There are 2 protein chains.
Amino acid sequence: MQFSKSTDYALHALIHLTLSEKDGHIGIKELAHTLGVSVSYLSKIMSKLRQDGIVRAVPGVNGGYELARPADEITFLEVIQVIEGREQLFECSNLHSQQHQLLSEEMAEVHLPKHRGSECLVKKVMDGAEEQLHQYLRQHTIQAVVDQALNRQHGFTSKK
Amino acid sequence: MQFSKSTDYALHALIHLTLSEKDGHIGIKELAHTLGVSVSYLSKIMSKLRQDGIVRAVPGVNGGYELARPADEITFLEVIQVIEGREQLFECSNLHSQQHQLLSEEMAEVHLPKHRGSECLVKKVMDGAEEQLHQYLRQHTIQAVVDQALNRQHGFTSKK
DNA sequence: TCTATTATGGATATCAAGTATCTACAATGT
DNA sequence: ACATTGTAGATACTTGATATCCATAATAGA
Ligand code: SF4
Ligand code: SF4
């Protein structure tokens, strides 16, 4: 249960793009060098970000990447979901077990009979956990992190 | 980013143990059959739970497993950590990159120079997310899930 | 238009982890 | 002793993450 390194790279790449926004397009070479990862590998990650409309890519001379939207509209959750996929944290793998019959029949009676897809409390707890995590990650944007970093630095240098 | 199936099985096994607490020891065969998974595989999972003091095992005739502590002291977080391990959700893999130099130097100045292990805001956000998740999972126990299931069933049958 | 530059997508290789099973061994109660 | 039951190690299979290479397509600028 860990985020993949790709997610790590994606986040760092986006931060670099945000910091260099005024410089126009950023080449994959520069990005890869800054992050310390191979160009070929990073391309794959950037492609995903592009396909999901988080960055724009421009081929050709002086081409490269730029953010497709303001950094304060790019949340951690989005980036993570693009790279990691959107599968649920907890997938029932016991749906045909005796136990599931027990726990879900108990549940089924409570709600309307129509509500077939009703799940037991185990799943409900786990889904709650996921929602909790998502809420938190939705509240944090790339811009916020960059801002805080710059503010702190600024606060320090101006004090000295 | 998903919990492994082992975690799923572990949770369900513990629920079965809780429901059958009065019946004394529960054999691995019964457990495996209830969950619909092979005995050999489930043994591995139960072993982990035993090593971490969540269940007790008794070999020999009429042996089997039982909870080592009351079910209301067994949290989802514990179970998950036993099975999934205790690695952090987010591990920095860019610690030697140019970017890390940038972001962490900015940070370093703010805190006392002694505080070497200071990390940037990216990591702080991700660690916050993990803590958020852990808090939630700490608040939910096996007993709570079982109780709710039984209460609901009871509430239903007594009404009808 | 031609060319150098740059991203794209497919194929592929490698490695680690999760899933799953089997077997020899040790501990227990009768 | 003896049948029962869990333990631990070895092993095989599958999947996903990581990483690279190359042929192709798109673009800007000469
Ligand atoms: S978690 Fe609940 S719904 Fe999912 S398989 Fe287990 S008993 Fe069924
Ligand atoms: S997340 Fe922050 S501390 Fe971690 S590698 Fe990236 S810049 Fe460094």
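The shown structure was predicted, so the numbers you read here are calculated from the model rather than taken from an experiment. Chain letters run A, B, ... following the sequence lines, proteins first and then strands; every chain starts at 1.
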Ser4(A) vs dT18(D): side-chain N/O to OP1/OP2 distance below 4.0 Å | yes
For Val39(B) and for Glu87(B), locate the closest nucleotide of DNA chain C by heavy-atom distance; then report the residue assigned to the nucleotide nearer the 5' terminus.
-> Glu87(B)
Provide, to the nearest angstrom, the distance between the CG atom belonging to Leu49(B) and the C1' atom belonging to dT7(D).
-> 14 Å
Start at the 5' end of DNA chain C and walk down; is the nucleotide closest to Ser40(A) or to Glu84(B) reached first?
-> Ser40(A)
Please check if atom NE2 in His25(B) has more than 12 non-hydrogen atoms from other residues, nucleotides or ligands closer than 6.0 Å.
-> yes
Classify the ring geometry between Phe76(A) and His140(A) as parallel (under 30°), tilted (30 to 60°) or perpendicular (over 60°).
-> perpendicular
Integer-rounded Å distance: dT18(D) C1' and Met46(A) CE | 18 Å
Taking atom types as modelled, is there a side-chain donor on Ser93(B) or Asp8(A) under 3.5 Å from an acceptor on the other?
-> yes
For atom CD1 of Ile28(A) and atom P of dC22(D), their distance in whole Å = 18 Å
Compare side-chain N and O positions of Arg50(B) against OP1 and OP2 of dA8(D) and report whether any pair is under 4.0 Å apart.
-> yes
Given atom NZ of Lys48(A) and atom C1' of dG16(D), what is their separation to the nearest angstrom?
-> 11 Å
Euclidean distance, atom NE2 of residue His25(B) to atom P of dT4(D) [Å, nearest integer] = 19 Å
Indicate whether OP1 or OP2 belonging to dA8(D) is found under 4.0 Å from a side-chain N or O atom of Ser43(B).
-> no
Does the side chain of Thr7(B) pick up a donor-acceptor pair with the side chain of Glu84(B) at under 3.5 Å?
-> yes
Please report, rounded to the nearest Å, how far the C1' atom of dT5(D) is from the NZ atom of Lys29(B).
-> 8 Å
Is the base of dG6(D) touched by the side chain of Lys44(B) through a donor-acceptor pair closer than 3.5 angstrom?
-> no
Considering just the side-chain nitrogens and oxygens of Tyr41(B), establish if one lies under 4.0 Å of OP1 or OP2 belonging to dT19(C).
-> yes
May I ask you to check whether Tyr9(B) and Tyr41(B) place their ring centres under 6.0 Å from each other?
-> yes
So, with a heavy-atom separation below 4.0 Å from DNA chain C, the residues of residues 51-69 of chain B are Pro59(B), Gly60(B), Val61(B)
Criterion salt bridge (charged side-chain N to carboxylate O under 4.0 Å, His left out) against Glu66(B), the qualifying member of Arg56(B), Arg50(B), Lys22(B) | Arg56(B)
Counting only side-chain N and O atoms of Ser38(A), is one of them less than 4.0 Å from OP1 or OP2 of dT20(D)?
-> yes
Integer-rounded Å distance: dT21(C) P and Lys5(B) NZ = 11 Å
State, with a plain yes or no, whether a side-chain heavy atom of Gln143(A) is found less than 4.5 Å away from one of Thr18(A).
-> yes
What's the CG-P distance between Leu17(A) and dA7(C), to the nearest Å?
-> 11 Å
